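Ligands are counted one by one from 1 in listed order, and the atoms in each one are counted from 1 as well. Please read these numbers as outputs of a predicted model, since none were measured by experiment.
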Amino acid sequence: MMTVAGSRVTVPRFREDCLAFRGIDVRELVGVRKDALLYVQPCTSERGKLMADIELTKDIDSRFFDPGKLCALLRVHRHRFADLRCSEALGVAKLRWGGRDISIFKNGKIKIQQAMDREEILRVANSVSRLIWGAAVCSVCGEPVLNCVSGKCGKCLRPEEEPLELSEITGAELLRQGHAALEGLEGLPSQDYENRLQRARFLALHFTMETPRKEEALLGLLLLARAEQLESKLKEEK
Ligand SMILES: [Zn+2]
Ligand SMILES: [Zn+2]
């Protein structure tokens, strides 16, 4: 598990074929496979704006996202969205964020409408896919990445750990505040600890969305996994 001591964090390592290690980076994906950005064309609804489909996987019949986890992760950031609807049964999420309409499908397709330009499409797609990365199904264990990160899947985590300097990580303050929110939860009334858990989850995902390097984005998912573990422990004690 990830630990923070002063200016350093110790992070676990993962198998190299695990999606927790490989990460999600839309720019990189589009660089390697141009047709991952399926089309950019004028919106039918609004003149001068663009719409695009981004396919996070070539295998469009696949179950790329776990629908339950997908909805849960989006709900953590729900107050940033003008509108959020997510159906676990259909495996589809629709949300409105910063004037853009975004649809996410469990097969790994993300549709963005009403964007200004290609650059904006890539930026939004990258942030959104980082937000829901934890719900993506890892091909090593067949479980959502969040279960790889927490070690729950039992297959992806390696025994080694490595230290990282927090000061070298963009957005590390979000991580520090997130870890602080998880301190001393035992003994708090349930409303208070639930607020603190929600704050930690929000900060964790905010960091994962904003930090540029995908290797470091993993630190947000590790914090999220820590919040989940603490929550189940606290619920057991009640
Ligand atoms: Zn994995
Ligand atoms: Zn796994």
Practice task
Would you mind checking if Arg176 and Glu173 are paired as a salt bridge, meaning a charged N to carboxylate O distance below 4.0 Å?
Solution key: yes
Handout entry: Electrostatic pair Lys155-Glu143, nearest N-O below 4.0 angstrom
Key = no
Problem - Cysteine SG atoms at Cys156 and Cys148 closer than 2.5 Å - result: no
Problem - Metal-centred angle, the Zn ion (ligand 1) as apex - SG of Cys18, SG of Cys156, 10° resolution - result: 110°
Problem - Metal-centred angle, SG of Cys138 through the Zn ion (ligand 1) to SG of Cys148, rounded to 10 degrees - result: 110°
Practice task
Using 2.8 Å as a strict upper limit, say whether an N, O or S atom of Cys141 approaches the Zn ion (ligand 1) that closely.
Solution key: no
Exercise for the section: Verify, without hydrogens or angle tests, whether Lys214 (side chain) and Arg22 (backbone) share a donor-acceptor contact under 3.5 angstrom. Expected result: yes
